[in-house]
There are 2 protein chains.
Amino acid sequence: MLASVASRPTFKRLPRAVREQQMLDAAVRVFSRRGFHEASMDEIADEAGISKPMVYAYLGSKDDLFRACVNREGTRLLESIVSVVGDDLPADEQLWRGLRGFFAFVGAHRDGWAVLYRQAKSRQPFADDLAALRTRIVAVVAGMLGRAVQAARTSAHEQDLTASAYALVGAAESIADWLADHPEADPDHSAARLMNFSWLGARQLLQGELWQPSSA
Amino acid sequence: MLASVASRPTFKRLPRAVREQQMLDAAVRVFSRRGFHEASMDEIADEAGISKPMVYAYLGSKDDLFRACVNREGTRLLESIVSVVGDDLPADEQLWRGLRGFFAFVGAHRDGWAVLYRQAKSRQPFADDLAALRTRIVAVVAGMLGRAVQAARTSAHEQDLTASAYALVGAAESIADWLADHPEADPDHSAARLMNFSWLGARQLLQGELWQPSSA
DNA sequence: GAGCATATCTACTCCTGCGTAAGGTTACTG
DNA sequence: CAGTAACCTTACGCAGGAGTAGATATGCTC
């Protein structure tokens with residue numbers, strides 16, 4: 001009704017794969033700063049420099065879109081941990097590498113972390129997706145601890161290993177949360193602090209003991 | 001327009017203070033199972049056995065109501081920790097008591113915990129309230145560690161103490177989260193597992209060492 | 001047992017934002 | 001350079017739910 005007079009330079013056409021990634025990037029940013037509900041599809045479309053029906057055409061409903069974000073960021077997160085943790089290294093070295101990988105991810109993808117950690121937990125349909133991811137991480141950690149126990153020829157109950165894994169993951173999330181709000185902070189520093197806490201325990205720390213990475 | 005024919009037994013009048021508590025109880029339950037946005041004011045009013053305008057008259061808007069829930073549950077949580085942690089006890093005894101108090105609260109107020117932990121984190125306006133509460137808890141924990149360090153005549157950087165406090169609080173939240181989903185689990189058991197992890201550290205645990213409470 | 005403050009209800013209005021129908025625009029292909 | 005398939009848009013339908021207006025019931029006080 002209005003145009004076709006000026007025939008505006010209008011828009012650029014891009015292949016589907018590219019646009020989908022742009023949309024996901026935009027969605028992660030918006031979900032991160034607004035929260036799931038407060039984020040509107042209009043704002044996401046706007047942030048992606050595209051109109052709303054495109055989002056629906058490519059990624060489906062708002063729920064679908066959010067789930068796609070969680071899956072993409074979750075996969076990246078998990079990948080950044082498991083890719084650096086070797087199978088046959090000493091327990092403390094594995095722990096150290098895992099923590100570094102984790103905090104490096106959070107430092108580099110603060111938006112993604114916010115979506116995963118702060119948003120997905122509250123919405124029931126996605127809580128399941130997140131729980132699944134968390135369970136996989138906890139399983140990785142518990143498996144690591146289990147192998148270390150075997151290597152030390154001591155024994156431990158399955159439940160205790162799992163509890164320790166939960167504690168470790170929770171501690172990491174907590175510090176990551178702090179990190180996400182302090183852009184000036186160094187991820188490796190956070191990793192070292194958590195390493196000290198979780199490996200040595202409060203008792204040793206109070207006695208002034210410190211853990212040192214073997215490789216600089 | 002419709003009634004005044006049958007003059008139904010209709011409703012019971014209750015003093016404001018009582019109704020307010022009923023409403024808060026209902027709101028916590030509904031927010032807990034639905035999440036902030038999915039919870040409707042109609043459902044909350046219904047759960048409280050009252051009609052919607054009453055909620056607005058007494059507690060204000062939906063935001064106000066949610067904030068009231070967070071404040072009430074947060075105050076209770078903090079109280080259940082600080083009330084059992086003496087000032088002049090050994091560090092491990094303080095830690096043990098604090099953890100027991102915390103997990104006892106979560107075990108007894110799972111709904112309240114869900115509101116605090118899973119919901120408040122995601123909504124921007126309330127994230128501040130929750131952050132304030134968390135900061136107070138972290139400060140309590142850090143203060144405890146600080147006194148313990150002094151008692152041990154060792155030294156530690158302020159930042160390291162705070163990081164340890166964050167890690168401890170995060171680990172506790174993580175296990176509490178698990179506890180909230182396992183009604184059959186014993187809160188004291190969870191407290192003991194976390195005590196082992198945080199006090200001894202992973203290294204000691206892997207060597208088969210265990211921490212024992214001095215009092216049964 | 002009449003008056004009055006307070007507690008309570010029913011029945012709306014209106015806004016926000018998800019999801020879609022119907023139709024232009026671009027660029028590739030023969 | 002016409003035909004066509006994939007991109008992309010504007011403009012709307014519609015539902016859910018926050019918040020409110022106005023009327024009614026209750027029980028305390030004298």
- Task: Figure out the OH/P separation between B/Tyr58 and D/dG19, and round it to whole Å.
- Result: 19 Å

- Rounded to the nearest Å, what distance is computed from the CG atom of residue B/Leu14 to the P atom of nucleotide C/dC9? 11 Å

- Query: For residues B/Arg19 and B/Gln22, is any side-chain donor paired with an opposing acceptor at under 3.5 Å?
  - Reply: yes

- Please check if the side chain of A/Arg33 supplies one atom and the backbone of A/Val30 the other of a donor-acceptor pair under 3.5 Å. no

- Query: When you check the side-chain N and O atoms of B/Arg134 and A/Ser174, is any donor under 3.5 Å from an acceptor?
  - Reply: yes

- Item | With sequence neighbours excluded, residues passing side chain to side chain contact (heavy atoms under 4.5 Å, CB included) with B/Ala165 | B/Val138, B/Val141, B/Ala142

Tabulated below should be each protein N or O lying under 3.5 Å from an N or O of nucleotides 16-20 of chain C; please produce it.
residue, atom, partner, partner atom, Å
C/dC18, OP1, A/Ala39, O, 3.4
C/dC18, OP1, A/Met41, N, 3.4
C/dC18, OP1, A/Lys62, NZ, 3.2
C/dC18, OP2, A/Met41, N, 2.9
C/dG19, OP2, A/Tyr56, OH, 3.2
C/dG19, OP2, A/Lys62, N, 3.0
C/dG19, N7, A/Lys52, NZ, 3.0
C/dG19, O6, A/Lys52, NZ, 2.7

- Query: Taking CE from B/Met23 and P from C/dA7, how many angstroms apart are they, rounded to a whole number?
  - Reply: 10 Å

- Report the distance from atom CG of A/Asp46 to atom P of D/dC8, rounded to the nearest whole Å. 16 Å

- Could you check whether the rings of A/His37 and B/His37 sit parallel, tilted or perpendicular, using 30° and 60° as the cut-offs? parallel

- Message: Distance to the ring centre below 6.0 angstrom and angle to the axis at most 45 degrees; does that hold for B/Lys62 and B/Phe31?
- Response: no

- Message: So, OP1 or OP2 of C/dT8: does either fall under 4.0 Å of a side-chain N or O from B/Arg19?
- Response: yes

- How close or far is atom C1' of D/dA18 from atom CG of B/Leu59, stated in whole angstroms? 15 Å

